[in-house]
Structures are given as structure tokens and as C-alpha cells.
Protein chains: 2
Amino acid sequence: MGEENYLPHVSIDCVIFGLTDNSLNALLLKVTGTESWVLPGGYVEKDESIEDAALHVLKSRTGLTDIYLKQFMTTGNSERSFPDDVRRICESLGIEWTEGHWANKRFISICYYALIDVNKFKPTGGELEQEYQWVDIHNLPQMLMDHDNILRKGYEALKENLGNHPIGINLLPDKFTMPELQKMYEIILDKTLERSHFQKKMLRFDIFRRLEERREGVPHKRPFLYRFDENKYQNELKKGARFDV
Amino acid sequence: MGEENYLPHVSIDCVIFGLTDNSLNALLLKVTGTESWVLPGGYVEKDESIEDAALHVLKSRTGLTDIYLKQFMTTGNSERSFPDDVRRICESLGIEWTEGHWANKRFISICYYALIDVNKFKPTGGELEQEYQWVDIHNLPQMLMDHDNILRKGYEALKENLGNHPIGINLLPDKFTMPELQKMYEIILDKTLERSHFQKKMLRFDIFRRLEERREGVPHKRPFLYRFDENKYQNELKKGARFDV
DNA sequence: CTTTCATTGTGTCAATTGTTCACAAAGGAA
DNA sequence: TTCCTTTGTGAACAATTGACACAATGAAAG
């Protein structure tokens with residue numbers, strides 16, 4: 001818990017994406033005593049891989065361990081130090097801040113995005129910041145440091161990846177319907193898709209298995225439930241299939 | 001030139017890709033006195049951005065400044081330290097090596113790939129290693145540290161990116177023919193493409209301008225020369241066009 | 001100078017995919 | 001029972017893909 005345990009000059013920042021009815025959201029942490037927000041993040045222990053460091057951040061914030069995680073950027077301008085913001089964070093935590101505090105130095109940040117099913121999400125108390133919030137990525141609050149930029153870059157990376165791989169299913173429950181799948185694509189890509197064509201295309205990928213069940217408790221015709229089939233997916237990958245939308 | 005000028009624990013590695021007649025090649029540096037090769041790389045000065053650090057590596061190795069550069073990965077296992085290999089490199093350079101040498105420590109490597117036109121390439125003497133070679137990426141020699149893995153990951157990233165953006169033109173001269181463009185795609189994606197369809201598809205992208213000239217000095221019918229048109233490209237991007245092959 | 005041959009630009013045609021629209025079945029609400 | 005919305009599916013037409021054909025071009029061979 002201090003300078004000597006971590007790799008100096010290196011930090012981890014995570015953009016945790018979650019889907020709600022009509023928006024893609026990121027999990028932000030409020031810096032107590034301010035109106036500013038930060039991304040969940042941390043540092044890399046000296047005997048820990050950077051991936052493990054990111055997983056620890058996720059575990060401590062979401063209570064989840066089996067998470068889709070993607071490294072999308074490492075940012076490192078020479079001016080990337082934020083003593084003012086670090087001071088605010090220290091103050092909000094009752095930690096002593098000094099001019100020479102190690103966290104004031106220039107930092108290189110290794111950035112990951114995570115895709116989680118918000119229904120499985122269990123907020124667990126972090127030691128650093130208390131208040132958390134799912135924030136619509138198109139309506140960000142004031143954020144400290146360059147975290148707004150990191151978040152936007154993470155979103156760009158997600159959009160690009162989603163165009164090539166069916167990673168969006170990690171935002172949905174295990175069982176999902178075609179309309180739910182379509183809505184997920186529409187929200188992330190920020191454009192409407194044609195329903196009939198979307199379903200045919202998705203089913204042509206041959207990576208989902210249709211279940212006997214249908215989604216219950218919906219007002220109109222009950223849609224079928226589907227499940228992602230890892231074996232089918234690997235088969236299609238071997239065949240050189242593409243999954244671009 | 002030493003520990004105190006660089007960010008500790010952080011290195012830069014560059015996979016410099018260049019195209020020859022029938023293969024995609026990476027620029028490797030030979031560690032004198034051994035049969036082992038390494039990627040061009042370096043460290044990050046304390047007041048230098050990581051991108052600038054990568055550009056410096058490229059400048060010092062290729063003599064080129066205006067280079068397509070893409071950050072594709074940051075690697076950082078906790079075991080990622082290579083004292084034995086560092087010792088070999090030190091020996092080959094006549095630098096004193098000690099057990100506690102700063103370069104023996106655990107390093108996080110920020111990895112870039114660069115795409116250059118080999119015809120513009122001018123080898124410039126690095127201080128570290130003398131002998132260089134363009135090596136077919138499908139036939140790699142023995143490499144130190146985990147550089148072979150970095151190279152493979154860089155190639156995977158290049159293939160993925162090439163499927164979405166016309167970045168491959170950075171490997172070609174300013175003026176190129178459709179058969180040359182096709183060959184570039186075939187070599188990188190490692191599969192044959194149908195000639196007629198390829199041309200129609202590329203021209204449908206509407207990002208190239210056909211010149212009046214044709215490629216001279218070729219044995220058969222002389223193909224037209226084309227040039228990438230940045231304005232056209234930006235227009236298509238604005239229209240939301242995709243460039244996947 | 002003619003013939004041969006590989007390459008390039010372009011065209012044809014069938015199969016597949018994209019786009020738009022339609023319609024019946026399902027289920028809640030009036 | 002009627003009305004309304006959503007879902008699954010299919011029809012019709014447009015565009016793209018994939019496989020091949022063919023004439024024009026230019027070097028090499030005779």
C-alpha cells in the first residue's frame with residue numbers, strides 16, 4: 001500500500017461498460033466532496049501482471065471475476081501528471097498529500113475496457129471512493145485527469161471491435177432474445193438496424209443456439225431465447241468466418 | 001543515457017513491417033557475437049511521450065520520420081525480465097553488465113508496429129546493434145526475450161486492422177497499381193484474392209485516384225497507376241463507409 | 001515481322017447478401 | 001371480442017460476391 005509496492009509511473013484504468021434499457025453506460029466513481037468522477041483504476045504490484053492488476057480492479061469494484069476484458073490503449077504524454085487532481089482525491093480520502101507525493105509524478109496508464117452484465121453486478125466497497133454511478137457514455141459528468149478522454153477512446157475501441165467480433169454478448173444475460181441482441185448493437189453502434197435482416201444475418205453466423213423457451217412476461221408475442229455457443233463459434237472461426245455487422 | 005534519464009520498468013518495442021516481392025518482412029537487429037535477433041526498441045525519456053519514444057526508435061533505425069505507426073499492445077507479465085538476454089546484449093556492446101543492472105528488472109513493453117515503404121528505407125547506424133535484416137515473418141530466426149511473441153502479436157494486429165482500414169498503402173510507394181495493391185493484401189492476409197472482384201471492390205471504395213500514367217518497364221500489359229486520395233478517404237469516412245476486405 | 005504467351009482491364013452470369021416491405025401469429029389492453 | 005404492438009418469417013428487388021470469359025497490350029521467341 002504505497003510507493004514501494006507498485007511499479008512507479010504506471011497505472012491501470014478500466015472502463016466498465018454496462019447496458020441498460022436505452023443506453024450504454026460506464027461505471028464511474030465519485031470523488032467524495034467534489035462533483036468530479038473518475039474511472040475505476042489502480043496500480044500494478046511489482047510481482048503482478050498488468051492483466052491481473054486490471055482484474056483486481058474489476059473484482060474490487062464489481063464483485064465479478066469472470067469478466068470480458070480488453071486492453072485497448074496505453075496513454076503516456078510526458079505532461080501526463082495531475083497533482084491538483086491527486087490532491088483532491090487525497091483530500092477526499094483523508095490521505096496526506098504533499099508536493100512530492102509519488103502519485104503526482106508522470107504516469108503511463110494502461111487502459112482496459114470490460115463488458116459486464118449489469119444484472120450480475122454487485123457493487124463492492126472500494127477503499128478509495130464510495131459513491132458509484134452508471135453513466136450514459138453520451139452524457140458524461142465532469143471527470144478528473146484525462147479520464148473523459150480515456151473513456152471516449154475506450155468507447156471507440158469497443159465500437160470497432162464490435163464490428164468484427166460478437167463480443168457484445170458479454171453485456172447480455174446468458175439467455176437473450178434476438179430483439180435484445182439487436183438493441184445492444186443499435187445502442188453501441190448508435191444507429192438503427194433493420195430487424196428482419198439483422199436476425200437472418202445473426203443466425204447465419206451460426207454461433208447461437210435457439211432454446212425451446214421464450215422470454216416470458218413481455219407484453220406482446222414472446223421472442224425465442226438464444227444462447228451463445230462457444231463450440232459453434234470456434235468452428236466458425238476455424239472456417240475463417242467473419243462476424244462484422 | 002542511463003537509468004536516471006528513463007522511466008523505469010518501461011520499454012518500447014517496434015515491429016517495422018516492410019513488403020518485398022513475395023513476403024511481409026520485419027526489420028530485425030542482430031545481437032553481435034550471437035545468432036540471436038531482437039526488435040528495434042528503446043526506453044522512454046522522462047520528459048518524452050511514449051509515441052515520441054517510438055518515433056525516435058524508428059527515426060534512428062530507418063532514417064524515416066513520416067511513418068505510419070500503430071500502438072497494438074502493452075505486455076507486462078510479472079516474470080517479464082530477461083537478465084540472461086540483457087547480459088548477452090551488454091556483452092555484444094562492450095557495456096558493463098552486473099547482477100543489479102537496471103535493464104535486468106521487470107519491464108512493461110509498449111509495442112508499436114510501423115508500416116514503411118522499403119524503397120524509402122535508409123538504414124542508419126544504431127548505437128546498440130549493427131547488423132540488420134529484413135526477415136520473412138513466416139520464417140523467424142531465434143530471437144531474444146519474448147520478441148518473437150511480440151512480433152507475432154503485431155502481425156495479428158496488422159491483419160485485423162488491414163481488414164478494416166486501407167492502412168496497407170503505407171507499405172507501397174505513393175503510386176501503385178491494382179495488381180500491386182492486391183498482392184499486398186494477399187501477402188499480409190495470406191490468402192489469394194480474386195482479381196476481377198478485388199479491383200471492382202477497391203475502386204468502389206472511392207478512395208483512390210487513377211492517374212494517366214501506367215507502370216512502365218513491366219513485361220506485359222502496363223497497369224494503371226493509382227494514388228491514395230486523403231480527401232476522398234475522409235469523405236467516405238464521414239459517410240460511414242467501411243473498408244473491409 | 002509474325003507468333004506466342006502472360007498480364008490487365010473489363011464484362012457476363014449465377015449465387016449470395018442487403019434492403020424494403022408485407023403478413024400472419026401471439027399476447028396484452030380496452 | 002376488438003385493437004394494437006411485437007415477433008417470426010417470407011417475398012421482391014437491388015447490390016455484392018465469386019467464378020470465368022475475352023479482348024487488348026506488350027515482351028519474348030521464332
Side-chain angles (χ1 to χ4, degrees), chain A residues 21-22 162-166 169 172-173 175-187 189-227 236 239-245, chain B residues 21-22 162-166 169 172-173 175-187 189-227 236 239-245:
Chain A
D21 278 359
N22 289 300
L162 185 64
N164 294 324
H165 309 285
I169 54 164
L172 301 176
K175 302 174 183 179
F176 51 86
T177 68
M178 280 296 144
E180 287 162 5
L181 189 67
Q182 180 179 345
K183 186 118 197 181
M184 178 271 290
Y185 272 97
E186 290 182 330
I187 289 175
L189 301 178
D190 200 22
K191 66 180 175 190
T192 60
L193 302 170
E194 206 283 320
R195 189 172 59 92
S196 165
H197 176 52
F198 178 83
Q199 295 214 13
K200 278 176 238 172
K201 180 165 187 157
M202 285 296 149
L203 295 178
R204 231 186 353 246
F205 286 163
D206 197 24
I207 57 176
F208 304 118
R209 210 173 59 252
R210 183 158 102 174
L211 309 179
E212 296 301 317
E213 325 162 58
R214 293 162 184 263
R215 170 76 69 218
E216 303 291 338
V218 290
H220 305 291
K221 186 175 182 178
R222 295 168 309 167
F224 283 108
L225 285 168
Y226 291 83
R227 207 201 292 273
E236 292 301 309
K239 284 196 252 171
R242 306 268 308 248
F243 305 97
D244 44 273
V245 181
Chain B
D21 278 359
N22 289 300
L162 185 64
N164 294 325
H165 309 286
I169 54 163
L172 301 176
K175 302 174 184 179
F176 51 85
T177 69
M178 279 297 145
E180 287 162 4
L181 189 67
Q182 180 179 343
K183 186 117 196 181
M184 180 271 289
Y185 273 96
E186 290 182 330
I187 289 173
L189 301 178
D190 201 22
K191 66 180 176 190
T192 60
L193 302 170
E194 205 283 320
R195 190 173 57 90
S196 164
H197 177 52
F198 177 83
Q199 295 214 11
K200 276 176 247 175
K201 179 165 187 156
M202 284 295 150
L203 296 178
R204 222 181 308 122
F205 286 162
D206 196 25
I207 57 177
F208 303 118
R209 211 173 59 252
R210 184 158 100 173
L211 309 178
E212 296 302 317
E213 326 162 59
R214 292 161 183 263
R215 171 75 70 218
E216 303 292 338
V218 290
H220 305 291
K221 185 174 183 177
R222 296 168 309 166
F224 283 107
L225 285 168
Y226 292 81
R227 205 200 296 273
E236 292 300 310
K239 283 195 254 171
R242 307 266 312 248
F243 304 96
D244 44 271
V245 181

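Chain letters run A, B, ... following the sequence lines, proteins first, then strands; residues in each count from 1.
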Would you tell me if any nitrogen or oxygen in the side chain of A:Lys200 comes within less than 4.0 Å of OP1 or OP2 on C:dT17?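 False: A:Lys200 side-chain N/O out of range (4.0 Å or more) of C:dT17 OP1/OP2.
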So, OP1 or OP2 of D:dT9: does either fall under 4.0 Å of a side-chain N or O from A:Gln199? no
Take the protein atom [atom1] of [X] and the nucleotide atom [atom2] of [N], then report the distance between them rounded to whole Å.
{"X": "A:Gln182", "N": "D:dT7", "atom1": "CD", "atom2": "C1'", "result": "11 Å"}
{"X": "B:Tyr226", "N": "C:dT8", "atom1": "OH", "atom2": "P", "result": "12 Å"}
{"X": "A:Phe198", "N": "D:dG8", "atom1": "CZ", "atom2": "C1'", "result": "14 Å"}
{"X": "B:Met202", "N": "C:dT8", "atom1": "CE", "atom2": "P", "result": "16 Å"}
{"X": "A:Leu225", "N": "D:dT7", "atom1": "CG", "atom2": "P", "result": "12 Å"}
{"X": "B:Glu216", "N": "C:dT8", "atom1": "CD", "atom2": "P", "result": "14 Å"}
{"X": "B:Leu203", "N": "D:dT17", "atom1": "CG", "atom2": "C1'", "result": "16 Å"}
{"X": "B:Phe224", "N": "D:dG26", "atom1": "CZ", "atom2": "P", "result": "10 Å"}

Is B:Glu186 paired with B:Lys191 through a side-chain N to carboxylate O contact shorter than 4.0 Å?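 Judged by the 4.0 Å cut-off on N to carboxylate O distance, B:Lys191 and B:Glu186 do not form a salt bridge.
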B:Glu180 side chain to B:Thr177 main-chain N or O, any donor-acceptor pair under 3.5 Å? yes
Check for a donor-acceptor pair, side chain of B:Glu213 on one end and backbone N or O of B:Phe224 on the other, with a separation under 3.5 Å. no
Run the numbers on A:Arg222 and A:Arg215 for side-chain contact (heavy atoms from CB on, under 4.5 Å), then give the verdict. CA-CA 6 Å; A:Arg222 295 168 309 167; A:Arg215 170 76 69 218; 5.5 Å; no
In this structure, is the centre-to-centre distance between the rings of B:Phe198 and B:Tyr185 below 6.0 Å?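 Between B:Phe198 and B:Tyr185, which both carry aromatic rings, the centre distance is below 6.0 Å.
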Under 4.0 Å, counting only non-hydrogen atoms across every strand here, what does A:Arg210 touch: a base, just sugar-phosphate, or nothing? sugar-phosphate
What does the inter-axis angle of the helix from C:dC1-D:dG30 to C:dA30-D:dT1 come out as, five pairs per end, nearest 10 degrees? 0°
B/S/- contact track for nucleotides 21-30 of chain C, protein heavy atom under 4.0 Å: BB--BBBS--
Is there a side-chain contact between [X] and [Y] (heavy atoms, below 4.5 Å)?
{"X": "A:Phe205", "Y": "A:Glu236", "value": "no"}
{"X": "A:Leu162", "Y": "A:Leu189", "value": "yes"}
{"X": "B:Arg242", "Y": "A:Asp244", "value": "yes"}

Out of D:dG8, D:dA19, D:dT17, minimum distance to the side chain of B:Arg204 belongs to D:dT17
Does the side-chain contact (heavy atoms from CB on, under 4.5 Å) test come out yes or no for B:Met202 and B:Leu181, once each step is laid out? CA-CA 9 Å; B:Met202 284 295 150; B:Leu181 189 67; 3.7 Å; yes
